[in-house]
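Residue numbers start from 1 in every chain, and the chains themselves are labelled A, B, ... in the order their sequence lines are given, proteins ahead of strands.
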Amino acid sequence: MERSHYNADVANVSPGQTVTVAGWVRKRRDLGNLVFVDLYDRSAVLQVVFDPERNPELVDSASALTRETVLTVRGKVSSRPEEALNPDMITGRVELIADSFTIHSTSALPPIQMTGGPESNEELRLRYRYLDLRRSEMFQIFNVRHQTYQYVRSFYVENGFIEVTTPQLMRSTPEGARDFLVPSRLHFGSCYALPQSPQLMKQILMISAFDRYFQIARCFRDEDSRADRQPEFTQIDVEMSFTSIETLFAIHEKLFAGLFKSMLDLDIPTPFRRITWQNAMDWYGSDKPDLRFNMKIKDVTSIVSDSGIGFIDSVAAGGGVVRLVCYPDGAKLSRKQISELENVAKKRGANGMLAVKVTDGETISGTILEKKLSKEKQTLLLEVAEAKAGDLLCIVAGDRMTVSEALGDVRLEIAGRENLKSDEYEFVWVTEFPLVEYDPEDNRCYAMHHPFTAPMEEDLQYLDTDPVRCRAQAYDLVLNGVELGGGSVRIHKPELQQRMFAALGISKELAESQFGFFLEALKYGTPPHCGIAFGFDRLIMILAGTDNLRDVIAFPKTLQAVCLMTRAPSTVTDDQLNAVGLQRKPNSESSKTTKQN
RNA sequence: GGGGACGUAGUUCAGAUUGGUUAGAACGUCGGCCUGUCACGCCGAAGGUCGCGAGUUCGAGUCUCGUCGUCCCCGCCA
């Protein structure tokens, strides 16, 4: 008895026909002699009827059909009586009159909530992931994921990209995230590293004349997890030769507009907006601005300085800035609510936040600003802030970066509280990222994107003397405050690559020993190329409408990077360790690991 | 590495401020009844190391300390 139809398809079968369906029992409703069984498969729920007038010999045995029993049922499709139609079910106009059924296996009582009611807690869901994934909500998410794989693949194929699989066992390289190491039996004491991304391999494919490459690649980073970060994740990885940022942007605008049309039936306008990194920081206090609402940060340094307000004057004298966001109708806030808002700013490093109520369109009240600032300057301040009566000005003073980031968080907090975010999907390219970042602890610069990113032509002059001043030909694609992906034009000349390493304080010797193979490759005719990579899991989160990254990964890890279903990672035997030349260290760290197993 | 929240029947939660009889509810499970249910209904029953371990106390789900686990944030994540 093999399945002839998925449950959902039975809705379209004409009554009287015999079908065979298979699935799991969701629920049995025993009305005495009349028994209904909800059978579900990945497509839908179908009501199976055991009726003493129509299949008397089966009614008794239907009592065995408890929750999550697996069975195949053959029966006749029947139209439901008028009064028994169920418009909430795909199959609600029909039901299956069972002729015979086979129980394949029964189920222990499921330890998680399978349907209806409040969802079980995530710890249990992850431990019993196979049951969790059996829930239709979860299947829907993975169907979205599946369709997105297919859409993305065919899009790149249609646009002349070739899919190449790059190795999972790679060479460990310095810079960037911590590597997951894979010790080797054949090379006693040596380790492979799992790729943080296929970065160097895809550039090398450009050197190999592949011209347009893509891959849906697995990546691994041994760093602490977050709500939107897993140690193991998937990215759409792309590289292109002999082309421009303009073309790369255009192709990917087409990809995302098409994908969102296909998946969500949404018309995303193209081209996407663009904003430089500096403007994103100044206006939105973030390198991944959420443009679903406006509320730009405004600079008022020149208006409020020299007003005899101590902390402001000293900030301005020290080269700092005074900036604000205007909280629409925020004057209504209680002292406590304002203090909570101030804490948001403080958490991001601000020393404090001045909250100023706008009494009418022209004056402010309740703070030192009212006393110290002239009428004209108050009016000017409100003009710049674009404030109206009843608004609240949230003012922060300090160095430019701290103020931006603090107000960026305040801006998001206000939008969250007041529900200011529209339902739109606001894509934006953030461009001209800084090339490097100075790290005072290590007294050196680190690449903001990665060390193979090309500086902007006009900033090349600063590369050797003042690299922090260089902007990079690097870009991110941001959607509603989520970083979807990022990329850059790469360095394709060995000399420039050497200068870049020097700017990062990486000696010739170190560069040679760590990236020698790549520097060598660059010598053999490297085309100009650029690329980008997108976080596939985050994209699925948005398409599936979930805010939990673990929901879009079939078998995810917890924040502690543990798989609750398999209990990975586990300790291994001394024999296994010996084989690869490793020895257990008898300290508290290793005994901690032992306890988990 | 640091900060915060949580952990009580199979599940979701109350009970914790103010320590005190036998730790409750709903859903689920099991048994009985029920021929058009689809959150079926009605009657009944079972089901608890209160995460774990110490401590304070005559007495701890409740207070203290430690520990384990999950989540969220900072650091970290080119």
Base, sugar-phosphate or nothing for A/Glu119? Non-hydrogen atoms, less than 4.0 Å. sugar-phosphate
Over 12 non-hydrogen atoms of neighbours within 6.0 angstrom of CD in A/Glu457: no
Within the structure shown, what part of the strands sits under 4.0 Å from A/Gln560 by heavy-atom distance: base, sugar-phosphate, or nothing? sugar-phosphate
For A/Arg127, is the CZ atom crowded, meaning more than 12 foreign heavy atoms sit under 6.0 Å from it? no
Heavy atoms from C-beta onward define the side chain here; which of B/C76, B/U70, B/C38 lies closest to that of A/Met89? B/C38
Take atom P in B/G7 and the same atom in B/A14, then report the distance between them in whole Å. 8 Å
Is it true that A/Lys288 and A/Asp476 have a side-chain N and a carboxylate O under 4.0 angstrom from each other? no
Watson-Crick or G-U counterpart of B/A14, or none if no pair lies under 3.5 Å: none
Classify the nucleic acid contact of A/Pro118 as base, sugar-phosphate or nothing, counting any heavy atom under 4.0 Å across all strands shown. sugar-phosphate
Describe the nucleic acid contact of A/Phe36 in one word from base, sugar-phosphate, nothing, applying a heavy-atom distance below 4.0 Å. base
Polar atom pairs (N or O), protein with nucleotides 26-31 of chain B, under 3.5 Å:
| unit_1 | atom_1 | unit_2 | atom_2 | d |
| --- | --- | --- | --- | --- |
| B/G28 | O3' | A/Arg67 | NE | 3.4 |
| B/G28 | O3' | A/Arg67 | NH2 | 3.3 |
| B/U29 | OP1 | A/Arg67 | NE | 3.1 |

So which of residues 216-227 of chain A are in contact with RNA chain B, with a heavy-atom cut-off of under 4.0 Å? A/Arg221, A/Glu223, A/Asp224, A/Arg226, A/Ala227
side-chain N/O A/Ser120 vs B/U11 OP1/OP2, d < 4.0 Å: no
When the distance from CD of A/Glu123 to C1' of B/C72 is rounded to whole Å, what number comes out? 15 Å
Taken to the nearest whole Å, CG/A/Leu559 to C1'/B/C74 is 13 Å
Taking NZ, NE, NH1 and NH2 as the nitrogens, is one of them in A/Lys493 or A/Glu495 under 4.0 Å from a carboxylate oxygen of the other? no
Distance between P atoms of B/A54 and B/C13 (Å, rounded): 29 Å
Check whether any side-chain nitrogen or oxygen of A/Arg29 sits under 4.0 Å from OP1 or OP2 of B/U37, and answer yes or no. no
What nucleotide, of B/C77, B/U35, B/C38, holds the atom closest to the side chain of A/Asn86? B/C38
Using the C1' atom on both, measure B/G2 against B/C27 and round to a whole Å. 40 Å
Name the nucleic acid region contacted by A/Glu82, choosing base, sugar-phosphate or nothing; use a 4.0 angstrom heavy-atom cut-off, strictly under. nothing
Going through the checks in order, is the side-chain contact (heavy atoms from CB on, under 4.5 Å) test met by A/Leu194 and A/Asp222? CA-CA 10 Å; A/Leu194 301 181; A/Asp222 191 4; over 6 Å; no
Taking the basic N atoms (NZ, or NE/NH1/NH2) and the acidic carboxylate oxygens, is any pair closer than 4.0 Å for A/Lys347 and A/Asp409? no
Is it the case that the base of B/C38 and the side chain of A/Arg80 share a donor-acceptor contact (distance under 3.5 Å, atom types as modelled)? yes
Under 4.0 Å between a side-chain nitrogen and a carboxylate oxygen: does that hold for A/Arg499 and A/Asp464? yes
With both distances under 3.5 Å as the test, what is the Watson-Crick or G-U wobble partner of B/G44? B/C30
Could you check whether A/Pro52 gets within reach of a base, just the sugar-phosphate, or nothing at all, counting any heavy atom under 4.0 Å? base
For A/Arg29, what residues pass the salt bridge (charged side-chain N to carboxylate O under 4.0 Å, His left out) criterion, not counting sequence neighbours? A/Asp38
Give one of base, sugar-phosphate or nothing for A/Arg550, where a contact means two heavy atoms less than 4.0 Å apart. sugar-phosphate
Is the terminal nitrogen or CZ of A/Arg444 (NZ for Lys, CZ for Arg) located under 6.0 angstrom from the six-membered ring centre of A/Tyr446 and within 45° of that ring's axis? yes
Once you apply a heavy-atom cut-off of 4.0 Å, does A/Arg348 come out as touching a base, just sugar-phosphate, or nothing? sugar-phosphate
Side-chain N or O of A/Asn121 closer than 4.0 Å to phosphate OP1/OP2 of B/U11: no
For atom C1', what is the distance between B/G20 and B/G61, given to the nearest Å? 13 Å
Quick one: A/Lys346 NZ to B/C73 P, roughly how many Å, whole number? 22 Å
Using atom C1' in both nucleotides, what's the gap between B/C71 and B/G36 to the nearest angstrom? 45 Å
Which nucleotide, if any, forms a Watson-Crick or G-U wobble pair with B/G66, using both distances under 3.5 Å? B/C52
Are A/Arg229 and A/Glu223 ion-paired here, with the side-chain N under 4.0 Å from a carboxylate O? no
Tell me what A/Pro111 touches on the nucleic acid: a base, only sugar-phosphate, or nothing, going by heavy atoms under 4.0 Å. sugar-phosphate
Determine, for A/Glu413 against A/Arg348, whether the closest basic-nitrogen to carboxylate-oxygen distance falls under 4.0 angstrom. no
Tell me what A/Leu124 touches on the nucleic acid: a base, only sugar-phosphate, or nothing, going by heavy atoms under 4.0 Å. sugar-phosphate
